[in-house]
Amino acid sequence: MSEKLRVGIIGATGMVGQRFIKILADHPWFEIALVAASAHSAGKTYAEAVKGRWKMEGDVPEQVKDMVLHDAANVDEIAPQVDFIFSAIKLDKADTRKLEEAYAKAETPVVSNNSAHRWTPDVPMVIPEINPDHTDVIKYQRERLGTSRGFVAVKPNCSIQSYTPALSAWRQFEPTQVIATTYQAISGAGKTFKDWPEMEGNVIPYIAGEEAKSEGEPLKIWGHVDDEKKAIVPADDTVITSQCIRVPVLYGHTAAAFVNFRKNPTKQDLIDALESYTGEPQRLGLPSAPKQFIRYMTEDDRPQVRLDVNYEHGMGISIGRLREDKIFDWKFVGLSHNTARGAAGGAVECAELLKAQGYITAK
Ligand SMILES: N[C@@H](CC=O)C(=O)O
């Protein structure tokens with residue numbers, strides 16, 4: 001009998017759902033027990049439902065091809081069959097919040113890629129290398145939901161992953177002001193060039209809701225669990241302003257960032273802090289953890305999307321072009337893989353952390 005935890009994927013047919021399928025097809029701790037999507041796809045086999053719209057490298061993995069999709073809204077039917085779920089369901093925010101909480105209340109932990117619960121005060125928003133201790137807030141969430149096992153945890157938006165890891169490594173130098181401009185791949189919108197031909201040779205200077213996420217989410221990640229408030233209180237010592245731009249790239253979000261610090265680090269201090277930054281995933285040897293979370297690249301023309309996006313299987317962050325600035329103290333460029341580290345991969349690493357911490361167990 002398998003000792004792997006049984007996982008359900010809700011929203012399994014979209015771009016992020018497909019990335020979950022791809023990553024979990026061969027995962028040492030988790031096995032895909034069930035796939036679910038909207039009522040429209042329910043009853044079809046997974047292969048039928050993604051026919052002509054499978055966007056991952058290679059074929060649909062054998063073990064899910066013939067799985068029959070459930071209607072994700074059928075919590076009572078799905079919850080008993082899985083130990084936990086990954087959520088990539090696309091509903092409006094209120095409905096997503098309701099559905100994810102319904103799974104939690106059915107004693108089924110939810111690790112979500114959605115933004116709906118990111119600002120729920122007792123929901124941890126986790127980058128496992130940066131704020132693994134935020135899972136302490138789960139006890140307060142369980143108290144509120146009246147559960148003993150169920151809870152919701154989320155991962156942050158993909159846009160922040162190209163600059164937040166570097167700024168996290170530099171928290172010791174007290175960053176006060178940040179400008180971050182992101183150049184975001186079309187797969188972040190769930191699209192390929194085939195679905196979105198107007199992105200060929202184009203730049204679109206607007207991504208709905210993205211700037212608020214880019215400016216706010218790092219602050220929650222740098223916050224702390226307040227035991228009196230039974231909530232995560234965001235940090236208030238850094239201000240971030242951002243512009244988010246869609247560029248004709250399939251995978252890979254780049255950020256160009258400027259930073260002011262209260263302290264006065266040298267270039268070598270900053271590079272040393274990046275290269276030595278390591279966390280719980282590396283200490284615990286989590287299956288998805290990159291060996292080197294952040295690398296610093298010295299070549300003037302790196303990181304480049306084509307050459308560097310798959311660093312550490314898309315789970316590592318590449319930083320380069322660190323130099324002094326005329327207006328700010330320092331500037332740099334960062335690159336992350338938006339559907340690996342930035343979406344499904346980040347959620348899978350978060351679930352591995354939750355398992356290692358004892359929050360996700362076999363039912
Ligand atoms: N909203 C992002 C996806 C990140 O999670 C994008 O549009 O690129």
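A quick note: this is a predicted structure, and the numbers were derived from the prediction, not measured. Just follow the structure's listing: the first ligand is 1, and inside any ligand the first atom is 1.
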Answer whether the closest heavy-atom distance between the side chains of Thr108 and Lys363 falls below 4.5 Å.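 In contact.
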For ligand 1, what are the residues with a heavy-atom contact below 4.0 Å?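 Residues Asn157, Cys158, Gln184, Gly188, Ala189, Ile207, Glu210, Arg246, His253 each place a heavy atom under 4.0 Å from ligand 1, listed by chain and number.
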Applying side chain to side chain contact (heavy atoms under 4.5 Å, CB included), name anything that partners Gln304, two or more places apart in sequence or on another chain.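 Only Asp301, Arg302, Leu307, Asp308 meet the side chain to side chain contact (heavy atoms under 4.5 Å, CB included) criterion with Gln304.
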Checking one residue: Ile327. Which other hydrophobic residues are in its cluster under the side-chain 4.5 Å linking rule?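 Direct or chained contacts put Ile327 with Ile179, Phe258, Phe328.
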Give the cluster check for Tyr277 versus Met297: same hydrophobic cluster or not, with ILVMFWY residues linked at side-chain heavy-atom distances below 4.5 Å.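 Looking at the clustering, Met297 is in a separate group from Tyr277.
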Passes ring-ring contact (aromatic ring centres under 6.0 Å, His included), Phe84 versus Tyr103? Steps please. CA-CA 9 Å; Phe84 74 104; Tyr103 279 99; over 10 Å; no
Sequence neighbours left out, what pairs pass ring-ring contact (aromatic ring centres under 6.0 Å, His included) with at least one residue falling in residues 109-140?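 Sorted pair list comes back empty.
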